[in-house]
Amino acid sequence: MDKPFSLMIHGGSGTLEHIKREGSEADFTRSLHDILEAGRKILAAGGGALDAVEHCAICLENDPLYNAGRGSVLNEYGEVEMDAAIMDGRDLDAGSVAGITYIKNPIALARCVLDKSEHVMLIGKGAMEFAKLHSITRMEDDYFVVESRIRQWREAQQSGRMMLDHEDAEPQYKLGTIGAVARDQAGNLAAATSTGGIVNKRWGRVGDSPIIGAGVFADNETCAVSATGYGEQFQRTVLSKTISDLIYFKGLSGPEAAKAGIQYLVDKVNGLGGVIVIDQMGRCAVGHSTSGMIYGWIEHGGDTYCKLS
Ligand code: ASP
């Protein structure tokens with residue numbers, strides 16, 4: 001028997017006042033809506049959750065509104081260095097890449113790691129060699145680096161600090177990491193997360209996004225999770241897996257687990273960020289400790305909703 005599908009995407013969390021002030025809410029809403037509709041097409045036609053989250057993540061990476069793929073934030077050298085991961089809830093198979101450059105769609109490379117390698121995570125130079133071997137699309141620097149990111153980076157350099165994409169800065173500089181979670185008609189769950197990381201990051205810093213269990217997790221028996229926020233805090237609390245464990249071991253629903261997970265993040269490490277969650281019943285949930293989060297959802301094949309809250 002077919003089960004209705006559900007889909008959620010996010011475009012990061014943080015302070016969103018600037019988006020409202022600038023009046024760019026409509027741009028985000030349009031982008032989220034179009035991407036959710038593209039995902040709906042896949043899932044309504046009986047496509048798999050893994051394909052749906054990969055496709056939505058690719059669309060989000062291609063949109064310079066977000067801090068992933070094109071439009072990624074810049075590291076201390078003024079370069080784009082990206083992380084991404086994808087996970088299949090059917091068998092806990094996963095693919096992940098970190099510290100990669102020039103790859104148009106890091107999530108497609110992560111999917112290739114999942115499908116075509118015996119490993120889970122590839123980094124830097126080796127990941128780039130693997131990408132070449134599998135003819136993954138590369139782009140030149142000027143594709144990734146957009147003007148607003150250069151200004152944001154200069155500001156971070158001047159103040160000598162690293163910061164979250166949505167952290168307090170000039171309005172136009174604040175955009176976000178991306179993620180997608182889905183449940184397909186067969187009841188399978190999948191999750192994907194992709195990011196440029198945090199502004200002005202140093203020393204090969206890798207955040208939570210490509211770490212299975214921290215920034216991404218999917219298990220058919222529990223839920224699919226994609227996270228955004230200060231990666232270090234999500235790594236230390238293994239937050240995506242913690243949310244799954246709250247369902248697996250404590251019997252919570254997805255919405256309850258999302259709430260309890262964010263509470264845990266705050267209680268344990270005073271963490272800043274957010275999650276999107278779809279549970280095994282296809283219920284959609286969001287939780288964030290930041291003042292805002294950019295996300296949208298389709299629950300049980302129903303209407304499309306987009307929210308900047
Ligand atoms: N979680 C990402 C990281 O720490 C950043 C973000 O979500 O904006 O790399």
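Read the numbers this way: they start at 1 and go in the same order the structure lists the ligands and their atoms.
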Side chains of Q157 and N200, donor plus acceptor under 3.5 Å
yes
With rounding to the nearest 0.5 Å, note down the distance linking OH in Y295 to CD1 in I9.
12.5 Å
Which of these, T193, T290, T177, has its nearest heavy atom closest to atom 6 (C) of ligand 1?
T177
Of E232, Q235, R205, the residue with the heavy atom nearest atom 3 (C) of ligand 1 is R205
G231, any N or O under 3.5 Å of ligand 1 N or O:
yes
For D208, take its heavy atoms, then give the atoms of ligand 1 lying under 4.0 Å from any of them.
1 (N), 2 (C), 3 (C), 4 (O)
Pairs flagged by side chain to side chain donor-acceptor pair (under 3.5 Å) wherever residues 88-112 is involved - sequence neighbours left out
D51-R111, E54-R111, E61-N105, N62-N105, D88-R90, R111-D115
What are the atoms of ligand 1, with element, lying closer than 4.0 Å to any heavy atom of S209?
1 (N), 2 (C)
Kindly identify the option in A68, G11, A227, G229 whose heavy atom sits closest to atom 5 (C) of ligand 1.
G229
Pairs of nitrogen or oxygen atoms closer than 3.5 Å, one from N67 and one from ligand 1: do any exist?
no
About how many Å separate CG of D34 and OG1 of T29, when rounded to the nearest 0.5 Å?
10.5 Å
Under the 6.0 Å and 45° cation-pi test, does R70 pair with Y143?
yes
Go through ligand 1 atom by atom and flag the ones less than 4.0 Å from a non-hydrogen atom of T228.
6 (C), 7 (O), 8 (O)
Taken to the nearest 0.5 Å, the spacing of S289 OG from Q263 CD works out to 9.5 Å
